[in-house]
Amino acid sequence: MNEKIGEVFSITKDNEPIPGCTTSKAVNDTLTYFSLARNTDISAEIYPYYKMIYVLKGQLEVYGNNGYTKVVEEKESFITFTDIPMGIRTKDDVIYTEILIRQTISN
């Protein structure tokens with residue numbers, strides 16, 4: 001790993017998209033950042049928890065298998081649905097963070 005300790009870092013500068021690739025880096029068990037090159041995607045998957053997506057650079061489209069789509073612009077956030085297939089695709093390079101919002105069950 002090339003972790004920077006005691007230095008200011010930039011997710012957008014340090015993780016420029018690689019042509020034809022989708023890359024990700026888990027910071028911990030709830031925070032991950034992603035870098036998607038133009039015309040790439042992350043297939044729709046079902047999650048039992050919400051995910052908050054915050055676009056740092058570019059724009060992306062969140063989509064569902066039921067025809068749902070939502071464009072999320074730079075500096076905007078979006079919270080995904082649970083228990084329905086949700087995916088992400090892009091026409092241009094994009095960098096974003098994803099925070100898992102786990103549901104807790106209280107008695």
Side-chain angles (χ1 to χ4, degrees):
M1 288 196 205
N2 293 327
E3 303 300 327
K4 295 183 178 184
I5 298 172
E7 292 181 37
V8 175
F9 69 95
S10 169
I11 293 172
T12 56
K13 289 179 184 174
D14 296 341
N15 297 283
E16 286 292 325
I18 300 166
C21 295
T22 295
T23 59
S24 64
K25 167 76 173 145
V27 175
N28 56 34
D29 64 344
T30 59
L31 175 65
T32 304
Y33 50 84
F34 291 83
S35 179
L36 279 72
R38 71 180 53 221
N39 298 320
T40 59
D41 74 340
I42 297 173
S43 326
E45 297 181 43
I46 297 173
Y47 293 96
Y49 45 81
Y50 298 100
K51 296 190 291 184
M52 186 181 92
I53 294 167
Y54 180 73
V55 179
L56 298 164
K57 182 177 179 182
Q59 74 173 22
L60 56 78
E61 180 182 17
V62 178
Y63 68 92
N65 287 349
N66 60 356
Y68 175 85
T69 64
K70 172 68 176 161
V71 173
V72 185
E73 303 282 344
E74 189 169 309
K75 298 183 181 174
E76 289 183 343
S77 59
F78 177 82
I79 297 179
T80 63
F81 299 105
T82 61
D83 302 314
I84 21 181
M86 300 297 298
I88 295 173
R89 60 184 164 219
T90 183
K91 294 179 183 175
D92 294 307
D93 293 347
V94 67
I95 300 170
Y96 70 95
T97 59
E98 182 177 282
I99 299 171
L100 305 183
I101 304 171
R102 291 191 168 82
Q103 298 175 353
T104 57
I105 300 172
S106 57
N107 295 341

Show the atom names and distances, to 0.1 Å, of all donor-acceptor pairs under 3.5 Å that link a side chain in residues 83-95 to residues at least two apart or in another chain.
residue: R89; atom: NE; partner: E61; partner atom: OE1; Å: 2.9
residue: T90; atom: OG1; partner: Q59; partner atom: O; Å: 3.2
residue: T90; atom: OG1; partner: D92; partner atom: N; Å: 3.2
residue: T90; atom: OG1; partner: D92; partner atom: O; Å: 2.2
residue: D93; atom: OD1; partner: R38; partner atom: N; Å: 2.9

Got a second to check how far [X]'s [atom1] is from [Y]'s [atom2], nearest 0.5 Å?
X   : Y    : atom1 : atom2 : result
T12 : Y96  : OG1   : OH    : 15.5 Å
T80 : L100 : OG1   : CG    : 9.0 Å
K25 : I11  : NZ    : CD1   : 11.0 Å

*asked:* I'd like to know if I79 and Y33 are part of one continuous hydrophobic network [Ile/Leu/Val/Met/Phe/Trp/Tyr, side-chain heavy atoms within less than 4.5 Å].
replied: yes
*Should V27 and I99 be counted in the same cluster of Ile, Leu, Val, Met, Phe, Trp and Tyr side chains packed under 4.5 Å apart?*
yes
_Contacts of type side-chain hydrogen bond (donor to acceptor under 3.5 Å, both in side chains), residue T22, not counting sequence neighbours_ = none
*Output all residues satisfying side-chain hydrogen bond (donor to acceptor under 3.5 Å, both in side chains) with T30, sequence neighbours left out; order by chain, then residue number.*
N28
Donor-acceptor contacts, no H, no angles, side chain residues 66-75, under 3.5 Å, sequence neighbours left out:
residue: N66; atom: OD1; partner: Y68; partner atom: N; Å: 3.1
residue: E74; atom: OE1; partner: G58; partner atom: N; Å: 2.9

*Are T23 and N15 side-chain neighbours, meaning at least one heavy-atom pair lies under 4.5 Å?*
no
*With a 4.5 Å limit on heavy-atom distance, are the side chains of V55 and E76 in contact?*
no
_Qualifying residue, where the test is side-chain contact (heavy atoms from CB on, under 4.5 Å) with F34 and the options are L56, L60, I42, T97_ = I42
*For residues 39-58, pull every pair meeting side chain to side chain donor-acceptor pair (under 3.5 Å), keeping only residues two or more places apart or in separate chains.*
E16-K57, D41-Y63, E45-Y47
